[in-house]
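Everything below concerns the one structure shown next.
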Amino acid sequence: MPSDLLQAHLQHTAISSPECSYAQLLPLDSARALDLADAYFTAYPPGMAAASRAEAREEMASTFTQEYGKVLENASFMAVRKGKAVGAIMAVTESI
């Protein structure tokens, strides 16, 4: 294995909603896909990610239908603030 390659050996540990002053961290929920698409669209400058909210929604739908790799549910989380998903960490088995 090349010396410039980094490997992470992860061990699953139960996470009970870590403390966060801004938002509640919860397991990823596909029912929040529209909120997550909006957060994704507004997080990047124009031309960096999705070109429109509609495209961001299509990309989020593709994520949840495993088109970019199988979403690892025990390693993917979302931040919810005032009842709305405002961000996420999505881990997949393989990326495109």
(message) What I'd like to find out is whether the side chain of V80 reaches to under 4.5 Å of the side chain of R32, using heavy atoms alone.
(response) yes

(message) Measuring only between side-chain heavy atoms, which start at C-beta, is Y40 closer than 4.5 Å to E55?
(response) no

Minimum heavy-atom separation for [X] and [Y], please, with both atom names.
X	Y	answer
S76	A91	OG-N, 2.9 Å
L28	V71	CD2-CG1, 3.8 Å
A85	L36	CB-CD2, 3.7 Å
A39	G87	CB-N, 4.2 Å
V86	Y22	CG2-CE2, 4.1 Å
Y68	T63	CD1-OG1, 3.3 Å

When rounded to the nearest 0.5 angstrom, what is the spacing between [atom1] in [X] and [atom2] in [Y]?
X	Y	atom1	atom2	value
K70	E73	NZ	CD	6.5 Å
M90	M60	CE	CE	4.0 Å
I89	L25	CD1	CG	7.5 Å
S52	E58	OG	CD	7.0 Å

(request) Would you kindly confirm whether F64 and V92 end up in one hydrophobic cluster when ILVMFWY residues are joined by side chain heavy atoms under 4.5 Å apart? (result) yes

(message) Which residues pass the side chain to side chain contact (heavy atoms under 4.5 Å, CB included) test with K82, not counting sequence neighbours?
(response) none

(message) Tell me whether L72 at atom CG has more than 12 heavy atoms from other residues, nucleotides or ligands lying less than 6.0 Å away.
(response) yes

(request) List for me each residue that meets side chain to side chain donor-acceptor pair (under 3.5 Å) alongside R57, sequence neighbours excluded, and say none if there are none. (result) D38

